[in-house]
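Single-structure report; data block below.
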Number of protein chains: 2
Amino acid sequence: MNQNKTRRSKKSITIVDVAERAGVSVATASRALSGRGYASDAVKERVRRAARDLHYRMNAPARNLKVQRTNTIGLIITNIINPFYSHLANGVLDCANELGYRVLLGVTNEDPDLERVSLKVLLEQRVDGIIAVPTGQNQTLWREAVDMHTRLVLVDREIQGVPQVDAVLVDNVKGACAAITYLIGIGHRRIGMICGSSSTTTGKARVQGYYDAHQSANLPVAPDLMQGDSYNPDSGRRALEALLTLPEPPTAIFASSNILGEVAFSAIRARGLQIPGDLSFIMFDDSPWAALTTPSVSVVSQPTRSLGYVSLKLLDQRIQEARQGNAQAPMKIVMEPELILRESCAPLSGSRPVEFAGAGR
Amino acid sequence: MNQNKTRRSKKSITIVDVAERAGVSVATASRALSGRGYASDAVKERVRRAARDLHYRMNAPARNLKVQRTNTIGLIITNIINPFYSHLANGVLDCANELGYRVLLGVTNEDPDLERVSLKVLLEQRVDGIIAVPTGQNQTLWREAVDMHTRLVLVDREIQGVPQVDAVLVDNVKGACAAITYLIGIGHRRIGMICGSSSTTTGKARVQGYYDAHQSANLPVAPDLMQGDSYNPDSGRRALEALLTLPEPPTAIFASSNILGEVAFSAIRARGLQIPGDLSFIMFDDSPWAALTTPSVSVVSQPTRSLGYVSLKLLDQRIQEARQGNAQAPMKIVMEPELILRESCAPLSGSRPVEFAGAGR
DNA sequence: ACAAAATATGTAAACGTTTTCTTATCTGAT
DNA sequence: ATCAGATAAGAAAACGTTTACATATTTTGT
């Protein structure tokens with residue numbers, strides 16, 4: 001008889017349960033809980049306590065469906081164990097906490113296929129916006145995404161052929177140029193470069209910086225001093241090998257990324273070469289280990305956390321604008337890299353490290 | 001007249017649009033797209049092409065609501081820039097890709113409040129399960145969560161007072177014990193320990209290992225040789241300071257974590273002490289920099305990626321079981337740490353590093 | 001050749017919210 | 001006293017899927 005009083009099996013409690021217990025309609029319950037619309041204090045209190053008593057948990061999928069919004073953003077990065085990306089992710093996570101977004105994370109490992117499914121998933125999931133470090137491939141897919149006015153901000157890299165899109169970047173050519181100019185300034189003339197992927201805008205920009213620095217100094221560039229075409233460690237190892245076995249090897253090495261730098265640094269030592277005595281060394285992107293090695297390594301540092309943080313700030317702004325129907329034109333935010341001089345570079349003639357302001361302890 | 005032919009303003013295309021265009025009912029369209037239930041090949045093809053033509057994207061929130069499942073898991077870790085956790089996260093992400101789960105990420109920074117909101121969000125979002133590195137606080141909340149039969153697997157740490165829950169762990173006391181036993185074995189008698197948070201099971205277990213090792217060797221432990229009570233870097237710095245200014249300072253230092261180890265390693269050098277000449281050094285948890293420093297540092301290494309990977313494997317298994325209604329009893333999977341000997345420890349009497357199998361190059 | 005089983009499709013009822021209408025009551029201001 | 005507006009609460013219609021049920025057609029085993 002009172003069978004329907006005992007809750008039937010596994011059904012979880014919904015807002016109608018709390019409405020019932022509080023003795024109000026579901027509409028009122030909804031208003032009381034969300035705080036939107038009118039609800040008397042007495043009722044508010046009653047339904048709140050009912051919710052608490054019943055251990056009510058809002059069903060977000062239902063809400064998301066109804067309000068056509070998820071308060072969720074998607075984050076697509078290439079690799080979470082690379083400190084560059086984990087710091088970047090840290091920036092967006094912190095900002096997400098502040099702004100009340102949840103974040104759905106996808107990693108691509110630089111694989112266009114994984115990128116494609118990640119993007120598809122996020123789109124299906126109806127995230128409010130996407131922050132992505134693109135692989136550089138899948139151009140038509142990305143273009144399609146922006147055409148469907150998905151809120152999107154690219155970070156770290158752009159996509160060639162997909163122009164009208166927000167992006168927060170660092171000035172890679174300036175950073176690379178600064179590093180090479182510095183090496184030239186202390187006397188180096190044969191500077192080997194371990195290049196990153198030429199299908200990414202960062203990879204390209206960094207070699208551009210290499211060129212620019214040489215041009216400014218009226219120096220020629222020897223093509224065989226530029227090796228490698230991927231951010232992959234193996235590619236870095238091969239590139240270093242190629243540089244070191246040149247008839248006339250370089251006197252300094254510039255690695256295009258922290259990963260490339262790490263394998264190069266290890267490989268150089270494994271060959272028994274002294275840094276900076278035999279070979280000067282510098283790399284793009286700082287990394288936790290760079291300050292701990294002996295010698296510590298000079299780097300061009302990027303504002304990694306900020307990259308992520310302001311990406312979400314920008315994305316949030318776009319989301320708000322879209323809600324209010326006044327979309328603004330896409331913009332590019334470009335941040336400044338910083339040359340951090342430590343102990344891994346020496347003037348060409350001398351054999352002991354030079355002293356730089358703030359370098360070495 | 002044919003006004004209704006032009007799609008009205010911003011409405012996004014739904015499955016009824018594709019059903020209409022394919023000339024079938026929505027039910028058939030759903031079946032054709034999902035592959036569940038009957039649908040002739042001809043129809044399948046027709047609705048697939050209709051979907052493609054219209055750029056149809058399934059609305060996941062709607063589906064999630066209907067099927068009461070999200071294919072999403074929640075991952076709560078303390079900090080994404082710590083390599084230990086980023087590798088762990090990497091493991092679950094890889095597994096998620098294989099198994100078709102999306103992952104919603106939350107970081108706590110060891111803050112119980114952040115942990116509480118992260119958990120609340122995940123519960124509301126109706127994730128199929130949760131993998132968490134708990135702060136150790138919020139015990140009642142966690143207990144509540146497991147009571148509401150949320151699928152949960154703890155990783156790295158357990159929660160005191162919340163016993164009946166799956167967990168994948170590493171044998172922390174064994175790892176710490178191995179490290180200390182090794183130090184004792186090469187002659188050290190005063191071994192300083194920089195302790196982690198005693199409110200975590202790992203922090204506790206590692207001091208337990210310290211005790212065990214001393215006990216096995218019939219050695220007393222001096223309380224002032226154990227300093228610190230947090231995984232926070234500042235705590236580590238203070239602890240090291242305390243150890244080094246002891247009337248009779250230790251001859252070796254054991255740091256309870258990679259973070260603690262990093263600050264200790266830097267601080268020791270900053271004080272001008274030679275490792276391992278003046279002081280032997282070892283830490284719990286390997287880290288990318290540990291192999292790159294001079295000297296490279298010996299560690300007790302944990303299977304970080306596996307930790308994450310098998311956590312999700314286990315969680316997935318639990319999710320399947322729950323679906324089939326045959327829930328199994330919670331289990332603990334404990335993995336073995338590994339002592340990796342490098343160059344940072346020397347026998348007490350001698351002054352040059354001993355040679356170990358596989359250590360040093 | 002016929003019943004039974006398999007295949008194919010459509011109808012309509014959920015899933016748990018939010019929100020737009022109503023309708024009713026309560027405030028002051030005139 | 002009356003009216004306009006604010007406040008309070010309910011009824012019901014979405015949001016976009018999936019799926020149980022019903023029905024019709026085809027295949028299969030005997």
Side-chain angles (χ1 to χ4, degrees), chain A residues 7-48 50-51 54-72 123-128 323, chain B residues 7-48 50-51 54-72 123-128 323:
Chain A
R7 197 171 299 105
R8 51 207 181 290
S9 76
K10 288 254 176 154
K11 263 193 102 330
S12 65
I13 52 275
T14 76
I15 202 175
V16 350
D17 296 315
V18 348
E20 189 175 322
R21 176 176 242 255
V24 298
S25 72
V26 296
T28 333
S30 174
R31 279 188 292 250
L33 288 174
S34 74
R36 259 179 301 276
Y38 293 118
S40 69
D41 290 346
V43 161
K44 263 185 195 148
E45 190 42 41
R46 231 165 53 220
V47 357
R48 260 199 278 263
L54 294 173
H55 295 290
Y56 168 70
R57 299 243 175 243
M58 187 190 66
N59 184 313
R63 174 174 214 279
N64 292 343
L65 169 60
K66 178 58 189 171
V67 305
Q68 303 280 72
R69 182 188 335 144
T70 54
N71 276 325
T72 303
L123 259 17
E124 288 183 345
Q125 229 50 239
R126 296 297 192 271
V127 292
D128 293 345
R323 258 202 256 305
Chain B
R7 198 172 299 107
R8 51 209 181 289
S9 78
K10 287 255 175 153
K11 266 195 99 331
S12 66
I13 52 276
T14 75
I15 202 175
V16 351
D17 296 316
V18 348
E20 190 176 319
R21 176 177 244 254
V24 298
S25 71
V26 296
T28 325
S30 174
R31 279 187 291 250
L33 288 174
S34 74
R36 258 179 303 277
Y38 294 118
S40 69
D41 290 347
V43 161
K44 264 186 194 146
E45 189 44 38
R46 232 165 52 221
V47 359
R48 262 201 276 264
L54 295 173
H55 294 291
Y56 167 71
R57 298 241 176 247
M58 186 190 66
N59 185 313
R63 174 175 214 279
N64 292 342
L65 169 60
K66 178 56 188 173
V67 306
Q68 303 280 71
R69 182 189 336 145
T70 54
N71 277 324
T72 302
L123 259 17
E124 287 183 346
Q125 226 55 238
R126 296 297 194 270
V127 293
D128 293 345
R323 258 203 254 306

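Order of the sequence lines fixes the chain letters, A, B, ..., with proteins taken first and strands second; residue numbering starts at 1 for each chain.
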Inset, instruction - Check the distance between D/dG16's P and A/Arg126's CZ and give it to me in whole angstrom. - result: 8 Å

Inset, instruction - Using heavy atoms to find the nearest nucleotide of DNA chain C for B/Gln68 and B/Ala29 separately, return the residue whose nucleotide is more 5′. - result: B/Ala29

Legend entry - N or O in side chain of B/Thr14 less than 4.0 angstrom from D/dG16 OP1/OP2: no

Inset, instruction - Look at the side chain of B/Arg57 and the base of D/dG16, then say whether one donor and one acceptor between them are separated by less than 3.5 Å. - result: no

Inset, instruction - Starting at atom CE of A/Met58, determine the distance to atom P of C/dT18, rounded to an integer number of angstrom. - result: 7 Å

Inset, instruction - Rounded to the nearest angstrom, tell me the gap between atom CZ in A/Arg46 and atom C1' in D/dA8. - result: 12 Å

Inset, instruction - Using the side-chain contact (heavy atoms from CB on, under 4.5 Å) rule, take A/Val18 and A/Ile13 through it: C-alpha gap first, then chi angles, then the decisive distance, then the call. - result: CA-CA 8 Å; A/Val18 348; A/Ile13 52 275; 5.8 Å; no

Legend entry - Nearest-nucleotide 5' precedence on DNA chain D, A/Ala39 against A/Val26: A/Ala39

Legend entry - Rounded distance (Å) that lies between atom C1' of C/dC15 and atom CG of A/Asp17: 14 Å

Legend entry - Gap between atoms CZ and C1', on B/Arg63 and D/dT17 respectively (whole Å): 8 Å

Legend entry - Heavy-atom donor-acceptor pair, A/Arg57 side chain to B/Glu124 backbone, under 3.5 Å: no

Inset, instruction - Using a 4.5 Å cut-off on heavy atoms from C-beta on, say whether the side chain of B/Arg126 contacts that of B/Asn64. - result: no

Inset, instruction - Taking only the side-chain nitrogens and oxygens of B/Tyr38, find out if one of them lies under 4.0 Å from OP1 or OP2 of C/dA8. - result: no

Inset, instruction - Determine yes or no for a side-chain-to-main-chain donor-acceptor pair under 3.5 angstrom, with B/Thr72 supplying the side chain and B/Thr70 the backbone. - result: yes

Inset, instruction - Tell me which nucleotide among D/dA12, C/dT9, C/dG16 gets nearest to the side chain of A/Asn59. - result: C/dG16

Inset, instruction - Map B/Lys66 and B/Ala27 onto DNA chain C by nearest heavy atom, then report which one ends up closer to the 5' terminus. - result: B/Ala27

Inset, instruction - Mind calculating the distance between CG (A/Leu33) and C1' (C/dT17) to the nearest angstrom? - result: 11 Å

Legend entry - Between C/dA8 (C1') and B/Lys44 (NZ): distance, integer Å: 11 Å

Inset, instruction - Round to a whole Å and report the spacing from CZ of B/Arg36 to P of C/dT7. - result: 18 Å

Legend entry - From C/dT18, C/dG10, D/dT17, nucleotide with atom closest to B/Ile15 side chain: D/dT17

Legend entry - Distance test, side-chain N/O of A/Ser25 to OP1/OP2 of D/dA11, below 4.0 Å: no

Legend entry - Min side-chain heavy-atom separation B/Arg21-B/Leu54 under 4.5 Å: yes

Legend entry - Distance test, side-chain N/O of A/Ser40 to OP1/OP2 of D/dA8, below 4.0 Å: no

Legend entry - N/O (side chain, A/Tyr56) to phosphate O (OP1/OP2, C/dT17) under 4.0 Å: yes

